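Structure first, then comments.
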Amino acid sequence: MTDVSETAWLRLHRDGLKVTALYMAGVMCGAGTPAAIGIASGTSWPVALAWVVPGAALVVGAVVLLELVRLRTTRYRVTESRVEMHTGVLFKRRRSLARERIRSVDLAANPLERVFGLTKVKVGTGETGSGSGSTTEQTLTLDSVHRAEADRLRLALLRRGAAAETDTEGRLATWEPGWLKYAPLSFLTPMLAGVAVGAVFQVADWFGKGGLPVEITADLVREYGAWTVLGLGLAVLLVVGAVASLVLQGEAWWQHRLDREPGGTLRVRRGLMVARSLSLEEERIRGIEIVEPLGVRTAGAGRLDVVAIGLKTNEEGSDLSTLVPAAPLEKTLAAAEAVIGPVDAELTPHPRAALHRRVRWAVVTVLLCAVLAVAAHLLWAMPALLSAAVILAAVGISAFAVWTAFDSYASLGHATTARYLVSRRGSTRRATVHLDRSGVIGWRLQQSVFQRRMGLMTLDATTAAGRGHYAVVDADEHEILDFADAAVPDLLRPFLVKGSAE
Amino acid sequence: MPGSGPGKRRPPSHPAPVPGYDADGAQIHPEAEVRSVTGNYDSGMTSSRTTLRPPQHQFDPRVKPWWRAQLAIATGVLAVPLAVLGLLIAPARWWLLGPAVVIAVIGLASLATLPVWWHRVHRWEVTDAAVYTLTGYFWRTWRIAPMSRIQTVDTTQGPLQRSFGLSTLVVTTASSAGEIKLEGLEQDQAAALAERLTRLTDATPGDAT
């Protein structure tokens, strides 16, 4: 793989220009139409078009020109030791990554790019540059090259010379269309329903009729009664959210498959419209997380996330670190086992005090709800419907708080296995993390005044991977120290006072 | 559905029904050797009484005046403009002077008490193997970072800190939650410590991840 052609400078694919031109034309049509309608409503159509069409053409032309310059001036090459990219005319940028540091190669193609057979390639070194000394972002993006070239790069960059490891290669998990049934159960459903409501108001606002949706609702209430409208409205919203969630998840996970490739690399491929491919070096994997959000959990399913260095998982809702989407739990566990080995663990339950702590929080919530509901009734004279809604909401929130207290206590547990530290927590988002014990780069132990009185302590294992720290919440204050001591030998030992029982 | 764990895991359950409170700490299960420190809760599953010992060192006594200066500045920034405005604007005088006085009193009270208390509570220690700190009282936090995982060691010194001859040692690891700050070391000591830590981390193999 080290012939002369590898060191020659290569250029990005010139069809990228067509993609940009078409994309910008589309954007301009989308943005220009409302603008033209707006202008035309004030003046006349010829005037509106005379303004909008040249403007749009100018913008498209400018962007295409810039893109042409970028494509012409960007060169890249893969030498024996480095990947290099040069770009820019006035501000020349040179980026060079050491090949031995490359940890992930990410391919993505949107529908337009797929028509032309193009793919974006993002090369990552897994260095986040969060330290005070290094602020450089260590990624290199080729936007874009031909699909075949992308595949060649991916293989060349991740396969080290003689890294023929004995790891079993092959398919670790394959998505089934049936798994889509979990999509409406995710938290995307209510979120997207909310987005839909916002969109309706936004569109109404564009046409200068921001109050219209409210008026229509008021009319409906007058005609059919409040309860019917409320019930039907919620049902419609939920259906809209569920369909949207189904579409989004279907697009994101269509034809998903998780493979182990030669040289110790995991590869996730997926996507209906935008084809995505993530290759992840297993050397950088520090564990996995089995995530069971409430809705998905009630259906006996869960998803598999990877805890890996250089994969940013801080953003909520980011599915970049997901190896297997919501799937029946046994499938998820099987995939987890294929990735990191046995995931069976006898979890140590947490002391009863942890439950009392949670029940106390629930009691506070219930009292707060009661006070707010009563205060609302005392302060304002409310119509029957609103009063009922307030009481319903208060009762609902209270019941959920109490249920969550017991459920989240039932979730708590921790264990060590041969290689991993296991911790489970959470109710609305129950997650079981299996963190490589050799990937623990420090401890953070926390104890509030309340925890101290109850003999509880929270252990946070810090790590370079994933979210940066994973916690064992509200464990016994003595047992957790022995646990940490056993999980990472010698780290905590010098600071412990070993006492025996009375 | 409490207690329904992922397929192969045992749902958390207790070996025996555990009574929550045990007011006088008397043994309810004679066979159980364990009591938690407070005696309020019977954890019922461990025979350990392992505790953390506090880190060895307190910070330099000069941190107390430094903290006091910081508190004084914070109080002054809030109280002085209020007081000045109160003296200038006659109609709103008491609405402005009142809060100014309250802020000043709170500021002075915390100035008198908090630094002494903080000094007692915050502790640090650097061994050949790890950096170990303890901060906070209401929310106590112990942090341990091993030498082999330390990425950078910096010292910083603000203008106010410099006038007290103090500086801050910042130790970062590869974790986003991994930064440890030793605020209020004597400046020569901080420099020496930074040098020692750099030497130690260089000598320890590993890529810190």
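Predicted model only: the values in this text are computed from it and were never measured.
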Could you measure the distance from the CG atom of B:L52 to the CE atom of A:M457? Nearest 0.5 Å is fine. 5.5 Å
Which bit of B:E125 is near chain A, if near means a heavy-atom gap under 4.5 Å: side chain, backbone, both or neither? side chain
Closest approach of B:P146 and A:G442, non-hydrogen atoms and distance? CD-CA, 3.9 Å
Does the side chain of B:W139 come within less than 4.5 Å of A:V449's, by heavy atoms? no
Are the side chains of B:Y137 and A:R452 in contact, using a 4.5 Å heavy-atom criterion? yes
Heavy-atom closest pair (B:T50 atom, A:H478 atom, distance to 0.1 Å) is O-ND1, 2.8 Å
Let me know if B:T127 has heavy atoms under 4.5 Å from chain A in its side chain, its backbone, both or neither. side chain
At a heavy-atom separation under 4.5 Å, does A:V440 approach chain B through its side chain, its backbone, both, or neither? backbone
Residues, nucleotides or ligands: over 12 heavy atoms within 6.0 Å of B:W95 CH2: no
CZ on B:R49 to NZ on A:K498, rounded to 0.5 Å: 13.5 Å
Given heavy-atom pairs under 4.5 angstrom as the criterion, report whether the side chain, backbone, both or neither of A:L294 touches chain B. neither
For B:K64, is the NZ atom crowded, meaning more than 12 foreign heavy atoms sit under 6.0 Å from it? yes
Looking only at heavy atoms and a cut-off of under 4.5 Å, which of A:P494, A:G302, A:S427 has the most pairs with chain B? A:P494
Which residue is it: A:Q446, A:R444, A:Q447? I am looking for the one with a side chain to side chain contact (heavy atoms under 4.5 Å, CB included) to B:W142. A:Q447
In Å, rounded to the nearest 0.5 Å, how long is the span from CD1 of A:I441 to CD1 of B:I150? 10.0 Å
How far does CZ of B:R143 sit from CG of A:D460, to the nearest 0.5 angstrom? 8.5 Å
For residues B:I144 and A:L491, determine if any side-chain heavy atom of one lies less than 4.5 Å from a side-chain heavy atom of the other. yes
